[in-house]
Amino acid sequence: AGTSPVPADLRAAVYRMLGSVSGLRITEKVANVDGREGMAFGVERDDQRLEVIVDPATGRYIGERKVTLTGFGDVPADTILEYTSVDVAVVDQQGRRPTG
């Protein structure tokens, strides 16, 4: 995934392309690590599903998840193994974090 905003026309092209990916699984109301909900575009690899989470209202990338499909040890199937959150804000200087 990325760290910079992507123009709306390019995001639209990427999402259209995703629709043609064989085996793509789309899941609604998936939360990122911050609890923001979006739509997940996931593909299965080995015993995991890798998902990119997108805010359906804006089309912005808001995070990703890795989910186990089969489980292992005491970890049941469909457990989230890793997840992230991405947010974008305007600041007055490069390298500065937004306040608030």
* **Check: Thr84 side chain, Glu64 main-chain N or O, donor-acceptor pair, under 3.5 Å** =>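 Yes, the answer is positive, given that a donor and an acceptor are paired below the 3.5 Å cut-off.
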Measure the [atom1]-[atom2] distance between [X] and [Y] for me, rounded to the nearest 0.5 Å.
X: Ile53; Y: Tyr83; atom1: CD1; atom2: OH; answer: 9.5 Å
X: Thr68; Y: Gln48; atom1: OG1; atom2: CD; answer: 6.5 Å
X: Thr79; Y: Lys66; atom1: OG1; atom2: NZ; answer: 14.0 Å

* Side-chain heavy atoms of Arg49 within contact of Val43, under 4.5 Å ->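 No; the side chains remain at least 4.5 Å from each other.
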* **Leu69 and Glu44, any side-chain heavy atoms less than 4.5 Å apart** =>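 In short, these two side chains touch, coming nearer than 4.5 Å.
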Report, one line per pair, each donor and acceptor closer than 3.5 Å where one atom sits in a side chain of residues 27-42; sequence neighbours left out.
residue, atom, partner, partner atom, Å
Asn32, OD1, Asp34, N, 3.0
Asn32, OD1, Gly35, N, 3.1
Asn32, OD1, Arg36, N, 3.0
Asn32, ND2, Ile62, O, 2.8
Asn32, ND2, Ser85, OG, 3.3
Asp34, OD2, Ser85, OG, 2.5
Arg36, NH2, Ser85, OG, 3.0
Arg36, NH2, Val86, O, 2.5

* Asked: Is Asp92 atom CG crowded by more than 12 heavy atoms from other residues, nucleotides or ligands, each under 6.0 Å away?
  ->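 Buried by this count: over 12 neighbours within 6.0 Å.
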* Could you list the residues that satisfy side-chain contact (heavy atoms from CB on, under 4.5 Å) with Arg97, not counting sequence neighbours? =>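 Arg97 satisfies side-chain contact (heavy atoms from CB on, under 4.5 Å) with no residue once adjacent residues are dropped.
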* Should Leu81 and Leu50 be counted in the same cluster of Ile, Leu, Val, Met, Phe, Trp and Tyr side chains packed under 4.5 Å apart? ->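 Leu81 does not cluster with Leu50.
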* Can you get from Tyr61 to Ile26 by hopping between Ile, Leu, Val, Met, Phe, Trp and Tyr side chains that sit under 4.5 Å apart? ->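 Yes, because Tyr61 and Ile26 connect within a single hydrophobic cluster, where side-chain heavy atoms sit under 4.5 Å apart.
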* Looking only at heavy atoms, what is the nearest atom pair of Arg96 and Val91, with distance? ->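 Heavy atoms of Arg96 and Val91 come nearest at O-CG1, 3.5 Å.
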